[in-house]
Structures are given as structure tokens and as C-alpha cells.
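Notes follow once the structure below has been shown.
Just so it is clear, the structure is predicted and the values come from calculations on it, not from any experiment.
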Amino acid sequence: MKKIFTDSGIEIKETYTSEDSGKLDEELPGSYPYTRGVKKDMYRGKMWTMRQYAGFSTAAESNRRYHYLISQGVSGLSVAFDLPTQIGYDSDHPMADGEVGKVGVAIDSIDDMEELFEGIDLSKISTSMTINSTAFILLALYVAVARKKGIDLSLLQGTVQNDILKEYAARGTYIYPPKASMRIITDIFEWCAKYLPKWNTISISGYHIREAGSTAAQEIAFTLSNGKAYVNAALEKRLDINVFGKRLSFFFNSHNNFFEEIAKFRAARRMWAKIMKGLGATDDKAMALRFHTQTGGSTLTAQQPLNNISRVTLQSLAAVLGGTQSLHTNGYDEALNLPTEEAARIALRTQQLIAFESGVAATADPLAGSFFVENMTNELEMRANEIINKIDTMGGSVSAIEQGYIQNEIAASAYEYQKNIENGSKIIIGVNAFTDESKERPSSFKVEDAIGIEKIKKLKLLKSARNNEVVKACLDKVSNDAKSQVNIMPSVIEAVENKCTLGEIADQLRAVFGIYQQ
């Protein structure tokens, strides 16, 4: 008899009965350990936040896209930054040549940040920023713009990704060594606990781990293990787990195996609640895993790109049935270029159709009690816990990354996945099955190289017009605070308010902490 397995190696049986689901506790949504969701009424009380990840070219161009998305019904913005911004280089740096504004918006200074959010009420919109090694600078810029507009900081809502461990393991946009990076992250935790009570200080990301080739079980394990490392670092700094724990959030991928993905979200919630309780959390909200989901970018195909609409729909539905708090749906053309306005609109409409026409949002955790889903939830929890226990014996995530364990495990899974596509045992429609000869190509969207030239001109004007004596004093203070273990957020905010650039601040810390080499 033919055997079928998920990508995590879990065998799928022909039929499931009550014996397969194990003893089902009488759990309710909104109650520990939150397997069935973090809120009692889930989407009946509040629909998930509908985000569209966007950012390209200049701040002005991205601002126009944000206004368009808001007009079409998004309830939260999600900012994509270009590679130079992500790794701490201004647009005029040689390392930025050819990359300015290409995969996200280029942000060098407070002037750019003001332009990015022109006409958008920061007190009423939730903003997610996908940024890691320079997260503290982008958060400082956001706060500086809010203060300039006279907005009460306690009203600011959103998330800064701020998850550096997955950068070492899966993505690569790190700057400083792990211990220095962890110090910066806990500085953000500490500062936000005092001044930004509604801000999610980290989005612990399994998304990029999955994009790099992990299985669903590995995605849970590596993500939650990284989460433990951040919590332990905060505890070492004597921060209150019941305070900072409420502002931790997660970011997961929604991949192609529909039921495995639903079970993955349920298992992750249950596991995190137990982890936080074991680390000393007593507040219910500090134990509840809240997460954002993005549909699987690596699952999109350049061949027959309109098929991606169906892929994104199934992945979005899995995220909703799994209880996500926030969702981004990919554009069907993203295997070819940045999403066009049409593709972004269809992606948003996909979420709206699920929310308002499908009926799946009417009740919390509608698949609870399914013999298959409960069995898959238990299996994923067991496999993920085995991996976490192995990481714990290695000394935790930081040590496991330094030893190359997590990176090697992801690489091995990615190799296996690709091998199965190439030998035909894993079917990808339009790639290795049901192919055709047509050269189906939607309209494309490209950022011109001239953007970089204009950005350099703008940066030169800023540097010539500002008070450079004040700039030097601000940068010196950032360095001194970094050396003396003082929380760096106040001095970084002061620096950006006085027109110090992102690259200049990042360079100050390069001089203090050094650059990480793998």
C-alpha cells in the first residue's frame, strides 16, 4: 500500500478514529494552553488584522501605495525595507549601489520616515516593520515622527520584527555578533515596556526559517527555541516576564500542506504556553502566543503565475482556521517581480472573501475535535519538542546557531524538499506536472536604478543643511551608551531627531560591537 508523508515526515493514514486523537482535554478558546485560540470569541469579537506587505523605491512612492491599500480596506500596514536599510547602510554607501529601493523602501533619515507616513494617522493605524539588525533605529525613527506630530506614544500600535537569531540561522541580514544583538533587543524590550505599552517589541519569526527550507516541525521548534532565548535574555536583565511577555509576538509561514499548517499553529500555541509557564509567567496574556502569518513566498511559481492565486487562497484559509491574529497574502506575481497594484488588490480581496463570505470566521477553532487535525497537532508537538530538547542540551539557540546545528538542519530539509520536486515524488503544478508551453507573463513592476541617484542627492542635501556639531555629539553619546551598558534607545531617538542617519548610527555600533562573521 502506498504511504503518504507530510514534509515533516509524519505518515498520513487513510482513516483516523478517536483512538488516533488521544485524550482530548476540555479546552476552550481563550484559556490555557490556548490550543484552540487566544481569545474566547476569536473573529466574532475582532477580525484578524488584514495587512499587505509593501515598500519599494522612495518613501513617497511607498506612501502612495499605503494610501491605496488603506482605501481598499487594509487594517494594518506592513513595511518592507530595502537591503541597505536592513543591514545598516545609507543610500550613498558603496555597498548600497544597485540595491536602493529595490526590495523595499529606502530609509536613511527622519525626513524619509516622515514622508513614508505622510497623511497617515499613526495613533489609529497598526504598523508592522520587517526589520531586524537595524530595528532599534527604525523604531526610533517611527517614535521621532510620532513625537513630531504630537502623538501620545501610548497610542502607538504595531510590531517591530527585531528577531536577529533567525537572521544568523536562515536569512543573513545581521550586523553585530549575537550577544551584542541580544543586548540591543532587550534594550528595546525595556524601553517599550515604559513608553510604548501597546507595541509588540519582537516578532519571533518562523517565516524565514520555513522559506529557507525547514519543515513545519522544524519551523515550530527553531522559532520557539529562539523565543526561549529572548525570554531568558530579558530575565537576565531582570525584566518582568509578565510585562514583556505580553508584548511578544510571532510570525509564521503558511505553506502548502493544508491540514499540517492548521495543526502547526495549534501546536505552537500549546507549546509556547507551557514554555512560558515553565519560565515563570503567571499572567494569562504573557502565556498566550499571538502571531502574524504570511503566505508562503517560496511556494509561488514563475510558471503559470495565476495558479498562485489558488495557492495563496488555500494558505490564507489554513492561517485563519489555525487562529492567526494578523495576515499578509502574497501577490500572484511575486515570483517574477514586486507585486503590481492589481496583484496586491487581489491578494487583499482573498482575505476579505475568506472573512466575509466563507463563514469560517463565525466560530472559534472550527476543526477542533477532528481526529486527523488533533492527531497532527499532537504529532507536530512531539516532533518539535524533540528538536527543542536537543537544542537545550546544546546550551540553547545562540549556542546551536554558533555550532551551525540549526543552519545545517534547515539546509538538509531544503535539499530533501528540492530533491523530491526534481524526482517527481512531490508535485508542483506547472513546474513538474501539468506543464504547458505558453509563456504566461503578467504585467511587471520594476524599480529603476535612477532612484538611487535621487536618494544620494537628497542625502547630500540633508547632511549639508543639518547642524553637524550636534550630530557628532549625538553619535558620540550613542557610542558611549553602547559601551557603558546604558539603554541605547533614548540616545538613538535623540540622534535621529537631530538628523543623524541610519548608516551613521549603525556604524557607531559597528565600532563598538564589531561585525559578525560566520
Side-chain angles (χ1 to χ4, degrees), residues 5-11 20-23 25 27 32-35 163-170 178-179 182 202 204-210 212-236 241 245 248 250-253 255 260-261 263-282 286-289 291 374-417:
F5 297 87
T6 71
D7 294 328
S8 294
I10 299 170
E11 184 178 356
D20 297 299
S21 59
K23 181 181 179 297
D25 295 327
E27 290 183 25
Y32 179 90
Y34 305 103
T35 312
D163 175 7
I164 202 64
L165 292 179
K166 66 94 174 44
E167 296 295 329
Y168 301 117
K179 288 180 181 176
M182 293 292 278
I202 193 167
I204 304 160
S205 176
Y207 183 84
H208 303 98
I209 289 169
R210 191 64 177 277
S214 80
T215 66
Q218 288 172 332
E219 182 186 355
I220 300 171
F222 297 151
T223 306
L224 299 192
S225 186
N226 287 348
K228 285 176 67 176
Y230 293 124
V231 171
N232 283 322
L235 290 173
E236 286 174 14
I241 193 170
L248 303 178
F250 288 79
F251 175 24
F252 288 115
N253 199 303
H255 219 263
E260 185 177 45
E261 293 303 291
K264 178 186 77 180
F265 301 132
R266 301 175 87 248
R269 268 195 302 271
R270 186 159 71 201
M271 290 172 67
W272 184 246
K274 293 175 182 178
I275 287 169
M276 287 295 278
K277 190 173 185 178
L279 290 170
T282 55
M287 292 185 276
L289 182 150
F291 68 100
E374 296 293 354
N375 177 271
M376 186 69 71
T377 302
N378 295 338
E379 283 285 331
L380 284 169
E381 181 180 16
M382 179 189 71
R383 289 169 186 259
N385 272 326
E386 288 174 354
I387 298 169
I388 289 174
N389 291 337
K390 185 168 186 178
I391 292 171
D392 286 344
T393 63
M394 299 173 73
S397 276
V398 175
S399 178
I401 289 167
E402 289 174 341
Q403 295 176 51
Y405 167 73
I406 294 177
Q407 300 93 308
N408 291 338
E409 290 296 298
I410 294 170
S413 295
Y415 173 76
E416 189 68 22
Y417 187 85

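A search for side chain to side chain donor-acceptor pair (under 3.5 Å) contacts involving Q407 returns nothing, not counting sequence neighbours. F222 pairs by the ring-ring contact (aromatic ring centres under 6.0 Å, His included) definition with nothing, not counting sequence neighbours. Residues meeting the side chain to side chain donor-acceptor pair (under 3.5 Å) test with T377, sequence neighbours left out: R266. Residues satisfying the side chain to side chain donor-acceptor pair (under 3.5 Å) criterion with S21, sequence neighbours excluded, are absent altogether. Annotation: side chain to side chain donor-acceptor pair (under 3.5 Å) contacts of S205 (sequence neighbours excluded): H208. Residues forming a salt bridge (charged side-chain N to carboxylate O under 4.0 Å, His left out) with E167 (at least two apart in sequence, or on another chain): R171. For R269, the salt bridge (charged side-chain N to carboxylate O under 4.0 Å, His left out) criterion is met by no residue, not counting sequence neighbours. Legend: residues meeting salt bridge (charged side-chain N to carboxylate O under 4.0 Å, His left out) with E381, ordered by chain and number and at least two apart, are R270, K274. The side-chain contact (heavy atoms from CB on, under 4.5 Å) search around E11 returns K3, F5, not counting sequence neighbours.
Rounding to the nearest 0.5 Å places OG1 of T215 at 9.0 Å from CZ of R383.
Contacts classified as salt bridge (charged side-chain N to carboxylate O under 4.0 Å, His left out) and involving residues 212-221 (residues at least two apart or in different chains) are given here: R210-E219, E219-K264. Among pairs with a residue in residues 384-406, those fulfilling salt bridge (charged side-chain N to carboxylate O under 4.0 Å, His left out) read K228-D392, at least two apart in sequence or across chains. Applying the salt bridge (charged side-chain N to carboxylate O under 4.0 Å, His left out) test to residues at least two apart or on different chains, none of the pairs has a partner in residues 403-415.
The aromatic rings of F252 and F250 lie parallel to each other, their planes meeting at an angle below 30°, with 60° marking the opposite boundary.
A229 and S397 get closest at one heavy-atom pair: CB-CB, 4.2 Å.
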